[in-house]
*Asks:* 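Take a look at the following structure, please.
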Amino acid sequence: MATSNPTVRTGSPVSFRVEIRRVGSRPCLADGSEAGRAVVIMSGSARVWSSADCSTGSRMLLLGAGDVDVQTVTWNGKTSAPNCGGPRAIAGAGTYSVAAELAGVQGSAGEPLTLTITAPPPPPTPTAPATGTGTPSGPTASATGTGTPSGPAASAPAAKPGPAASAPADPAKP
């Protein structure tokens, strides 16, 4: 058994390449279905998932000396239970052992693989806007007495001294 990606993030699918190889000299009949050549994922001694849990049917193979049958088994990253029972949860971050074996065939288990599931990166921390630094903006920017004047007074001609200069201009009145 092999995988091209031994490290995945939680909830991500991972595929395994599973071979059934006849090593004896006489032909034999083997069940190559998902239940017959089960891929099992363990966390320590706890069973997390098996390809046999929700499988149906059989796939009988007649294998002669040296014959090889190759299947790809994909795990969706969720737990399972026999007969598709129980809730299915996303497997957490950690190190898992993955093995395949032919049901009912003594000594058919292959060398287990190590699968590492990593947690997703934490979401970015929102940053508060800086206070007291930078360029002032908004209506108070011109109230500081610094910078370039803005608004109607900036383009108005200088007022002439006298009583009319201190009266507010009202464009609605002639």
*Asks:* Compare all side-chain heavy atoms of Trp49 with those of Val39 and state whether any distance is below 4.5 angstrom.
*Replies:* yes
*Asks:* Any side-chain to backbone donor/acceptor pair from Thr79 onto Arg88? Under 3.5 Å, distance only.
*Replies:* no
*Asks:* Could you list the donor-acceptor pairs under 3.5 angstrom formed by side chains in residues 117-128, with sequence neighbours left out?
*Replies:*
from   : atom 1 : to   : atom 2 : distance (Å)
Thr118 : OG1    : Val8 : O      : 3.4

*Asks:* Consider only side-chain heavy atoms of I, L, V, M, F, W and Y, link residues closer than 4.5 Å, and tell whether Trp75 and Val73 are in one cluster.
*Replies:* yes
*Asks:* Residues two or more places apart in sequence or in another chain: which of them pass disulfide (SG to SG under 2.5 Å) with Cys84?
*Replies:* Cys54
*Asks:* Kindly indicate, with the supporting measurements, whether the criterion side-chain contact (heavy atoms from CB on, under 4.5 Å) is fulfilled by Thr95 and Thr114.
*Replies:* CA-CA 7 Å; Thr95 302; Thr114 299; 3.4 Å; yes
*Asks:* Decide yes or no for Val70 and Val18: does some side-chain heavy atom of the first lie under 4.5 Å from some side-chain heavy atom of the second?
*Replies:*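 Not touching, per the 4.5 Å side-chain cut-off.
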*Asks:* Side-chain contact test, heavy atoms from C-beta onward, threshold under 4.5 Å: evaluate it for Ser51 versus Arg37 and give yes or no.
*Replies:* yes
*Asks:* Set out, in order, the CA-CA distance, both residues' side-chain angles and the distance that settles side-chain contact (heavy atoms from CB on, under 4.5 Å) for Val68 and Ile20, then state yes or no.
*Replies:* CA-CA 6 Å; Val68 177; Ile20 298 174; over 6 Å; no
*Asks:* Counting only N and O atoms by type, is there a donor-acceptor contact under 3.5 Å from the side chain of Asp31 to the main-chain atoms of Ser33?
*Replies:*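 Between the backbone of Ser33 and the side chain of Asp31 there is a qualifying donor-acceptor contact (under 3.5 Å).
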*Asks:* Would Met1 and Leu113 count as a side-chain contact (heavy atoms from CB on, under 4.5 Å) here? Give the steps.
*Replies:* CA-CA 8 Å; Met1 182 171 58; Leu113 298 175; 4.0 Å; yes
*Asks:* Hey, are the side chains of Leu29 and Met60 touching, using non-hydrogen atoms and a 4.5 Å cut-off?
*Replies:* yes
*Asks:* Under the side chain to side chain donor-acceptor pair (under 3.5 Å) criterion, do Thr3 and Asn5 qualify, and how do the steps go?
*Replies:* CA-CA 5 Å; Thr3 183; Asn5 197 4; over 6 Å; no
*Asks:* Using modelled atom types only, decide if a donor and an acceptor are shared between the side chain of Thr10 and the backbone of Gly92 within a distance under 3.5 Å.
*Replies:* no
*Asks:* Could you check if a side-chain atom of Phe16 sits within less than 4.5 angstrom of a side-chain atom of Thr72, using non-hydrogen atoms only?
*Replies:* no
*Asks:* Does any part of the side chain of Leu115, heavy atoms only, come nearer than 4.5 Å to the side chain of Val14, both counted from C-beta?
*Replies:*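 Val14 vs Leu115: side chains touch.
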*Asks:* Atom OG of Ser12 and atom CG of Asn76: how far apart are they, to the nearest 0.5 Å?
*Replies:* 10.5 Å
*Asks:* Would you say Gln71 and Arg59 make side-chain contact, with heavy atoms under 4.5 Å?
*Replies:* yes
*Asks:* Can you find a heavy atom in the side chain of Val40 that is under 4.5 Å from one in the side chain of Arg47?
*Replies:*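 Yes, side chains in contact.
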